[in-house]
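Below is one structure; the comments refer to it alone.
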Amino acid sequence: MSTTVELLKGAAELFPDEVVTSAHVRHFELPAGAGRFALITLDNGFDHTKPTTFGPQSLANLNAAIDQVEKEAAEGSIVGVGLTGKPFIFAVGADLKGVELLKRREDALAIGKGGHDVFRRLSGLAVPTFAYYNGAAMGGGVEVGLHCSYRTVSSAVPAFSLPEVFLGLVPGWGGCALLPNLIGADRAVSVIIENSLNQNKQLKGKQVFDLGIADAIFEGADFLEQSLIWTASVLNGSVTVERAGIDRGEAWDQAVARGKAFADSKVHGAAPAAYRALEIIAAAKDGDLSAGFDAEDEALADLIMGDELRSGIYAFNLVQKRAKRPAGAPDKSLARPVTKVGVVGAGLMASQLALLFLRRLEVPVVLTDIDQERVDKGVGYVHAEIDKLLGKGRINQDKANRLKGLVTGVLDKAEGFSDADFIIEAVFEEMGVKQQVFAEVEAVAPAHAIFATNTSSLSVSEMASKLKHPERVVGFHFFNPVAILPLLEIVRGEQTDDASLATAFGVARKLKKTAVLCKDAPAFVVNRILTRFMGEIQNTIDEGTPVAVAEKAVEPLGLPMSPLVLLELVGPAIGLHVSETLNRAFPDRFTVSPNLAAVVKAGKRGFYVYDSGKPELDPEVAALLKQGDTVLTEEQVRTRVMEAVAQEIGLMLQEGVVAEAQDIDLCLITGAGWPFHLGGITPYLDREGYSERVNGKKFLPQGVASVPA
């Protein structure tokens with residue numbers, strides 16, 4: 001395979017920091033006299049926490065191992081070849097660190113062809129080949145197994161996916177062509193398109209088997225041993241693998257159409273990867289794998305050089321790396337232990353917080369509120385959620401009983417908080433109320449206790465200003481739904497000390513939240529940007545632009561939901577409150593919409609009704625709207641909104657609200673669900689020219705979320 005070797009040699013120079021994966025070949029006799037077998041194990045070192053990836057040198061190593069077993073197969077000295085990974089990790093695909101450094105399309109094309117040429121050799125061997133998915137498998141790790149004759153999967157596999165579309169690529173080493181020909185187009189569309197665009201949803205081992213990707217499933221404890229016994233049975237004919245027939249008729253076309261409709265609903269045509277993947281799946285209907293592989297190569301080359309992938313890798317690095325090392329976080333050694341948590345309030349938000357602290361910290365959690373009915377309701381909510389976890393098999397009865405025993409409710413703060421280490425309030429969003437709560441808590445809590453506020457927009461410094469010890473107050477702003485959205489904005493007040501801040505970050509880590517340090521500025525990060533974004537859209541509606549035009553204007557961003565649907569999720573009253581807070585702080589840029597105020601006053605929960613199954617403007621809301629006569633086009637609305645957002649982010653960075661633009665993007669991705677293909681927001685603003693037009697410069701240097709210079 002000299003062409004493969006040359007491709008990989010040329011590409012290797014472009015991956016200077018590749019973590020090289022070795023491919024060791026071992027031989028042994030299969031049970032039941034099935035014969036001599038060769039097993040290739042992918043491994044990149046002794047650290048089992050580091051995933052195994054494929055760069056040029058790693059592919060070359062696998063290629064060399066295949067050279068060896070190919071010769072043995074041709075000589076008849078082996079009856080089959082297996083492929084597996086190091087403990088708990090099979091392989092997670094291409095080395096993205098190297099991919100983002102590529103500057104030329106021909107280099108990107110070489111990576112695609114090189115991977116195809118190596119993996120295809122597995123299907124071309126003179127003996128059957130077996131992939132043993134013993135751990136996490138993603139992208140190219142899944143695809144290398146698809147080139148084998150048979151596959152087994154461990155029931156303990158925690159994550160299995162083709163995440164390329166999520167990042168801005170296509171499964172380009174056989175996934176788009178092989179998977180629909182193995183399990184059918186409909187299931188393949190679910191794995192390649194739906195799961196990817198649903199925030200990179202992962203499959204478990206049992207799901208991999210149920211979909212038909214794996215031919216057999218075994219327990220994790222003795223997975224390889226059982227897989228080899230099964231392999232012997234396949235080779236000696238005592239086990240016959242039967243697979244469902246593939247419908248290559250109308251069902252295939254319907255699956256592709258369903259995938260396109262789903263992509264439209266998620267990215268609105270703004271990101272090309274899903275559509276390129278669907279084109280390849282559609283063409284794979286005739287079973288011409290060579291043509292499919294060629295199409296994958298061309299799509300990979302185009303997309304690797306495109307903006308979507310660069311933004312996707314940038315976003316991936318933010319979530320996987322920057323999130324684990326928060327900028328500005330104090331030394332971990334300053335953090336104090338937290339052995340009991342107090343929650344002021346027992347409403348829905350407070351109850352969600354109590355449940356989260358309980359599950360993650362597994363320490364006593366006590367709720368308090370103004371009357372026993374509220375307290376009982378809050379504790380009851382937590383108990384009910386624990387029962388749901390028990391019913392789903394997520395926890396056992398012993399753990400359910402233990403967790404229930406750890407959560408209590410009291411009316412007397414002195415009784416509940418006298419030995420609490422961390423006390424968080426989630427009461428009505430009004431400064432006087434919160435100041436009173438903290439004064440009451442300070443009077444009964446121990447001297448070392450940290451006071452946290454879940455305020456979404458109010459000043460942490462002002463909240464702490466009347467306390468004897470304001471240094472132990474910290475902002476701890478969660479996003480709803482608390483159990484799902486990863487972001488936690490940690491806000492340092494003017495007098496917050498390092499020990500309090502370090503404790504807050506320590507708690508955030510245990511809660512498994514993505515913590516971003518913010519300056520105490522109005523509405524912090526996400527709410528400030530979203531309020532400016534939503535405010536400009538609302539302004540165009542107030543001035544006369546039809547609601548549908550204003551909403552559709554930002555569809556090219558591919559946001560998870562339209563602005564007014566988001567407002568409905570947040571709640572119009574909360575949106576109005578935040579806009580009022582920001583209007584007081586920055587009256588020149590933030591307005592308070594009279595139409596939004598009218599909607600809130602009328603008690604409406606949103607602008608839309610869903611009687612027809614899709615959002616339509618509520619006639620009662622339409623009757624409330626008072627509009628001017630200035631009608632803008634979609635492009636004019638989009639330009640106005642994006643320039644406003646670019647201005648606001650520029651000002652936030654000048655004010656030091658966060659350390660860098662990367663933190664803005666991390667917040668929007670993890671707190672507001674903004675898509676990876678945008679990279680949050682600043683790469684999009686840079687790419688479309690808004691940053692330079694408004695601020696005179698880009699937010700990010702060339703090569704960050706863009707092709708290197």
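Numbers here simply count residues along the sequence, with the first being 1.
Among pairs with a residue in residues 522-547, those fulfilling ring-ring contact (aromatic ring centres under 6.0 Å, His included) read Phe533-Trp674, at least two apart in sequence or across chains. Sequence neighbours left out, not one pair with a member in residues 622-639 passes salt bridge (charged side-chain N to carboxylate O under 4.0 Å, His left out). Residue pairs meeting the salt bridge (charged side-chain N to carboxylate O under 4.0 Å, His left out) criterion with at least one partner in residues 649-663, sequence neighbours excluded, are Arg322-Glu660, Arg322-Asp663, Arg528-Glu655.
Side-chain atoms of Lys604 never come within 3.5 Å of backbone atoms of Val600 as a donor-acceptor pair (strictly under, hydrogens ignored). Of the possible polar contacts, none joining the Glu555 side chain to the Ser562 backbone as a donor-acceptor pair under 3.5 Å is found. Using a distance-only test at 3.5 Å, with no hydrogens or angles considered, a donor-acceptor pair links the side chain of Thr545 to the main chain of Leu632. A donor-acceptor pair is defined here as one N or O able to donate and one able to accept, closer than 3.5 Å; such a pair exists between the side chain of Ser196 and the backbone of Leu162. No side-chain donor-acceptor contact under 3.5 Å links Asn200 to the backbone of Pro163. In this structure, Ser691 contributes its side chain and Leu685 its backbone to a donor-acceptor pair below 3.5 Å. No donor-acceptor distance shorter than 3.5 angstrom exists from the side chain of Gln199 to the backbone of Leu197, with no hydrogens or angles considered. The main-chain N or O of Val473 is found under 3.5 Å from a side-chain atom of Thr496 such that the two form a donor-acceptor pair. The backbone N or O of Gln702 lies less than 3.5 Å from no partner atom in the side chain of Ser706, so there is not a single donor-acceptor pair. Between the side chain of Thr639 and the backbone N or O of Gln636, no donor-acceptor pair lies under 3.5 Å.
Taking the side chain to side chain donor-acceptor pair (under 3.5 Å) definition, one finds that Asp264 meets it with Lys260, Tyr275, sequence neighbours left out. In terms of the ring pair (Phe, Tyr, Trp, His ring centres under 6.0 Å) criterion, Phe607 has no residue partners (sequence neighbours excluded). Gln495 meets the side chain to side chain donor-acceptor pair (under 3.5 Å) test with no other residue; sequence neighbours excluded. A search for salt bridge (Lys or Arg N to Asp or Glu O under 4.0 Å) contacts involving Glu643 returns Arg693, not counting sequence neighbours. Looking at residues two or more places apart in sequence or on another chain, you find a salt bridge (Lys or Arg N to Asp or Glu O under 4.0 Å) between Glu543 and Arg640. Looking at residues two or more places apart in sequence or on another chain, you find no ring pair (Phe, Tyr, Trp, His ring centres under 6.0 Å) involving Phe505. A search for side chain to side chain donor-acceptor pair (under 3.5 Å) contacts involving Ser311 returns Arg687, not counting sequence neighbours. Residues meeting the side chain to side chain donor-acceptor pair (under 3.5 Å) test with Thr531, sequence neighbours left out: none.
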Next item on the list: Evaluate salt bridge (charged side-chain N to carboxylate O under 4.0 Å, His left out) for Lys434 paired with Glu425, printing each intermediate quantity in order.
Entry: CA-CA 8 Å; Lys434 291 181 183 289; Glu425 69 77 21; 2.8 Å; yes
Next item on the list: Starting from the C-alpha separation in whole Å, work towards a yes-or-no answer on side-chain hydrogen bond (donor to acceptor under 3.5 Å, both in side chains) for Glu429 and Ser456.
Entry: CA-CA 8 Å; Glu429 191 77 348; Ser456 60; 3.2 Å; yes
Notebook entry, point to check: Do Arg258 and Glu194 pass the salt bridge (charged side-chain N to carboxylate O under 4.0 Å, His left out) test, and can you show the C-alpha distance, the side-chain angles, and the key distance before you say yes or no?
Noted result: CA-CA 10 Å; Arg258 182 176 67 83; Glu194 283 188 281; 2.5 Å; yes
Next item on the list: Begin with the C-alpha distance, continue with both residues' side-chain angles, and end with the deciding distance and a verdict on side-chain contact (heavy atoms from CB on, under 4.5 Å) for Met642 and Glu688.
Entry: CA-CA 9 Å; Met642 290 298 101; Glu688 298 298 320; over 6 Å; no
Check: Please walk me through it: do Asp665 and Thr682 pass side-chain hydrogen bond (donor to acceptor under 3.5 Å, both in side chains)?
Finding: CA-CA 7 Å; Asp665 294 319; Thr682 67; 2.5 Å; yes
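Taking CG from Leu576 and CG from Leu567, the interatomic distance works out to 9.5 Å, rounded to the nearest 0.5 Å. Within the model, atoms CG of Leu559 and CG of Leu678 stand 6.5 Å from one another, a figure rounded to the nearest 0.5 Å. Separation of atoms OG1 (Thr455) and CE (Met431) is listed at 7.0 Å; rounding is to 0.5 Å. Here the CD1-CG distance, from Ile192 to Leu278, works out to 8.5 Å after rounding to the nearest 0.5 Å. Rounding to the nearest 0.5 Å places CD1 of Ile111 at 6.0 Å from CG of Leu102. Considering CG of Leu625 and CD1 of Ile541, their distance stands at 7.5 Å, rounded to 0.5 Å.
Between Phe357 and Val507, the closest side-chain pair of non-hydrogen atoms falls below 4.5 Å. When side chains are defined from C-beta on, Pro326 does not count as touching Leu517, because their heavy atoms never get closer than 4.5 Å. Within the 4.5 Å cutoff, side-chain heavy atoms of Gln435 are placed close to those of Ser465. No side-chain heavy atom of Leu569 sits under 4.5 Å from any side-chain heavy atom of Val565. The side-chain heavy atoms of Gln627 and Asp542, taken from C-beta on, include no pair separated by under 4.5 Å. Annotation: side chain of Leu700 is in contact with side chain of Pro683 (closest heavy-atom distance under 4.5 Å).
Considering Glu100, Arg105, Arg310 in turn, Arg310 is the only one that fulfils the side chain to side chain contact (heavy atoms under 4.5 Å, CB included) rule with Ile304. The residue from Gln647, Glu536, Glu648 that alone fulfils the side-chain hydrogen bond (donor to acceptor under 3.5 Å, both in side chains) condition with Arg589 is Glu648.
Residues Asn695 and Tyr690 have side chains that never bring a donor and an acceptor to within less than 3.5 angstrom of each other. Checked by atom type, the side-chain pair Ser461/Asp520 shows a donor-acceptor distance below 3.5 Å. Remark: the Arg532 side chain and the Ser579 side chain contain no N/O donor-acceptor pair separated by less than 3.5 Å. Between the side chains of Lys97 and Asn317, no donor N or O sits under 3.5 Å from an acceptor N or O. Under the 3.5 Å distance criterion, with hydrogens and angles disregarded, a donor-acceptor pair is assigned to the side chains of Thr591 and Asn539.
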In residues 474-482, what donor-acceptor pairs under 3.5 Å come from side-chain atoms, sequence neighbours left out?
from: His477; atom 1: ND1; to: Glu489; atom 2: OE1; distance (Å): 3.0
from: Asn480; atom 1: OD1; to: Gln352; atom 2: NE2; distance (Å): 3.4

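Heavy-atom contacts from other residues, nucleotides or ligands closer than 6.0 Å to NZ of Lys552 number 12 or fewer. Within 6.0 Å of the CD atom in Glu494, the count of heavy atoms belonging to other residues, nucleotides or ligands does not exceed 12. No more than 12 heavy-atom neighbours from other residues, nucleotides or ligands sit within 6.0 angstrom of NZ on Lys201.
A salt bridge links Arg492 and Asp498; the closest N-O separation between the charged side-chain nitrogens and carboxylate oxygens is under 4.0 Å.
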